[in-house]
Amino acid sequence: MSLNIKGIAASSGIAIAKAYRLENPELTIEKKSIADAGAEIARLEAALDIAKTELAAIKDHAYAELGADKAAIFEAHLLVLNDPELVNPVKDKVTNEHVNAEYAMNEVATMFVNLFEGMDNEYMKERAADIRDVTKRVLAHLLGVNFSNPSTITEEVIIIAEDLTPSDTAQLNRTYAKGFTTDIGGRTSHSAIMARSMEIPAVVGTKVVMEKIQNGDLVIVDGLDGEVIVNPSEDVLHAYEEKKAKFEAQKTEWAKLKNEATVTSDGIHVELVANIGTPKDVKGVQDNGGEGVGLYRTEFLYMGRDNLPTEEEQFEAYKTVLENMEGKPVVVRTLDIGGDKELPYLHLPKEMNPFLGYRAIRLCLEEQEIFRTQLRALLRASVYGNLKIMFPMIATLDEFRQAKAILLEEKAKLVANGTTVSADIEVGMMVEIPASAVLADQFAKEVDFFSIGTNDLIQYTMAADRMNERVSYLYQPYNPAILRLVKMVIDAAHKEGKWAGMCGEMAGDPLAIPLLIGLGLDEFSMSATSILPARTQIHKLSKAQMEKLAQKALNMSTAEEVVELVKSMS
Ligand code: PEP
Ligand code: MG
């Protein structure tokens, strides 16, 4: 039976393939007494063998696809499984206490996890995480429960998941993962953002895909209209194949503007730049005619691994991006961890409201060694291109001043040691907290530029969690309240002779672009795949007319009225 599921269009394009369910099972361990300890140990050994074979395959795959540092995680997992200090006590427990293997394994592993987690030593804390991960795999096999790992997929699939963390998304292999769809999430959740930079079609926030879709079902992910079609009829399949071909043809049309400047019909130039998450995304920026990078989300360097990246690793990543962008501007945002981007190895206490908590610049000003290491890597890399640095989640002038002072301190130390650092690095901030938008006139005196982070600015202004699909109707970029804040920021920048950009998803939204041109935004930073459609659109807009449009919109009372207005003008 064919089935249509509605969701939120998170990454454009159409993908058609068999479903692959990403299972992350909750394991229930019961204590049972067993009569034949020998047979139980044989069962344990069989589960261990399967887990080892799987991990060896994952390790090889990770090595080939993601490099040695990612593969090292799985090497560590294999070491745990081969460690007699873990395995022998499990066997002893089975033999001496006549209990089932899963119970014994769970007891012993929990004991080690608690022991290691309690130590005041980062390395041992990481070992606790390794033990927890591998134990889950072995327990799943003992219990006969499915346990999937997307990095082992070797055929074209659509990933079906309750949720994907940003690091799950980073591990997807673009060759095989043709699209994904999740129960949870919104357009600005980070897995959606990553899907766009990886150019994988995605529909999120469907609420029901895990319930309705089985492994092997044929699935169409329509990332243009936010629909998922399960086991389509021949006719529907054919219609989507055509829609896909049409979208590809449209992309070829857009590509003709790759090397053109972005100017309005009355000759005003704006910058169209890209958001990236890793050095690998630079190719997409070039292929899509990006005039620079407006947001490099460096936190992805810190994710999907067991420890902090070293200064050297970071230096290499930043240098690669700067060199490959060949002198075009590259705005690097310092570490913005927190919210939906977790770093388990920092062992931060769980918070009730992570989006309002200890994150981004707040954490960096506290954990200064992490921050200083990143700043040194950036400063050293600055000579390889046109670097601009920006700080995330700035709420007060004092935070900006402190962050800038630390940057200048690190710069002075490097220079004193004879390291060359670029002399003209612009230092700016993200405006994503309403307080800093309202006070933009004061900030503008001290920053070199603003970049408006509407994903957070909208969630904080509307008090609506960007991850929660039930309140996604409040993600309202066209709400006059948001437009007024955006205007305040742009006007404040211009008054001080500074530039204002936007790197939230609103910057690439075809309905918002006319308004933003009218409000005088200088730089639009978006997913690379949105650049050419945006350039096509901007070529047809007159700045003078858009100013009038924006003026009207600012005086309207609802987002719906603004949408109607924009639609009626185009
Ligand atoms: C934003 O908040 O708009 C932004 C660009 O940052 P992020 O999406 O990474 O929070
Ligand atoms: Mg943000």
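Start at 1 and go down the list; that is how both ligands and their atoms are numbered.
- Residue contacts with ligand 1 include K341, since one of its heavy atoms falls under 4.0 Å from the ligand.
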* Assess whether side chain to side chain contact (heavy atoms under 4.5 Å, CB included) is satisfied between R333 and R297, documenting all intermediate values. => CA-CA 6 Å; R333 174 173 77 185; R297 289 185 165 93; 3.3 Å; yes
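- Atoms CD and OG1, on E299 and T334 in that order, are 9.0 Å from each other to the nearest 0.5 Å.
- Residue contacts with ligand 1, taken as heavy atom pairs separated by less than 4.0 Å, do not involve L457 at all.
- Interface atoms of ligand 1 facing I193, defined by a heavy-atom separation under 4.0 Å, are 8 (O).
- At a cut-off of 3.5 Å, with distance as the only test, no side-chain donor of D281 or Y296 sits close to an acceptor on the other residue.
- By the neighbour-count criterion of 12 heavy atoms within 6.0 Å, atom NZ of K552 is sparsely surrounded, having that number or fewer from other residues, nucleotides or ligands.
- On a distance-only criterion, G453 and ligand 1 share at least one N/O pair closer than 3.5 Å.
- The shortest N or O to N or O distance between T454 and ligand 1 is below 3.5 Å.
- Under 4.0 Å from ligand 1, not a single heavy atom of N275 appears.
- Set against the non-hydrogen atoms of D456, the atoms of ligand 1 under 4.0 Å away are 1 (C), 2 (O), 3 (O), 10 (O).
- Under the 4.5 Å side-chain criterion, counting only non-hydrogen atoms from C-beta, K350 is in contact with E342.
- Considering only heavy atoms from C-beta on, R362 comes within 4.5 Å of E399 through its side chain.
- A salt bridge does not link K445 to E496: none of the charged side-chain nitrogens sits closer than 4.0 Å to a carboxylate oxygen.
- Between the side chains of Q402 and D398, at least one donor-acceptor pair of N or O atoms lies under 3.5 Å.
- For ligand 1 and E432, the ligand atoms under 4.0 Å from any heavy atom of the residue are 1 (C), 2 (O), 6 (O).
- Without hydrogens or angle criteria, E227 side chain to D222 main chain gives no donor-acceptor distance under 3.5 Å.
- By the criterion of a heavy-atom distance under 4.0 Å, the side chain of R466, and not its backbone, is placed next to ligand 1.
- At a 4.0 Å heavy-atom cut-off, ligand 1 does not touch E505 at all.
- Counting just the N/O/S atoms of D456, the one with the shortest distance to the Mg ion (ligand 2) is named OD2.
- Counting the atoms of ligand 1 from 1 in the order shown, those under 4.0 Å from a heavy atom of L295 are 5 (C).
- Not a single N/O/S atom of D336, whether from backbone or side chain, sits less than 2.8 Å from the Mg ion (ligand 2).
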* Asked: For M430 and D336, what are the C-alpha separation, side-chain angles and deciding distance, and is it a side chain to side chain contact (heavy atoms under 4.5 Å, CB included)?
  -> CA-CA 11 Å; M430 298 210 38; D336 181 11; 5.7 Å; no
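- No other N/O/S atom of E432 lies as close to the Mg ion (ligand 2) as OE1 does.
- Each of the atoms 4 (C), 5 (C), 6 (O), 7 (P), 8 (O), 9 (O) of ligand 1 lies under 4.0 Å from some heavy atom of R297.
- Contact of the E505 side chain with the N275 side chain is registered, since non-hydrogen atoms from C-beta on lie closer than 4.5 Å.
- The shell of residues lying under 4.0 angstrom from ligand 1, judged by heavy atoms, excludes M506.
- Numbered from 1 in the order shown, with element, the atoms of ligand 1 that lie under 4.0 Å from a heavy atom of C503 read 5 (C).
- Closest to atom 6 (O) of ligand 1 among all protein heavy atoms lies R333 NH1, 2.9 Å.
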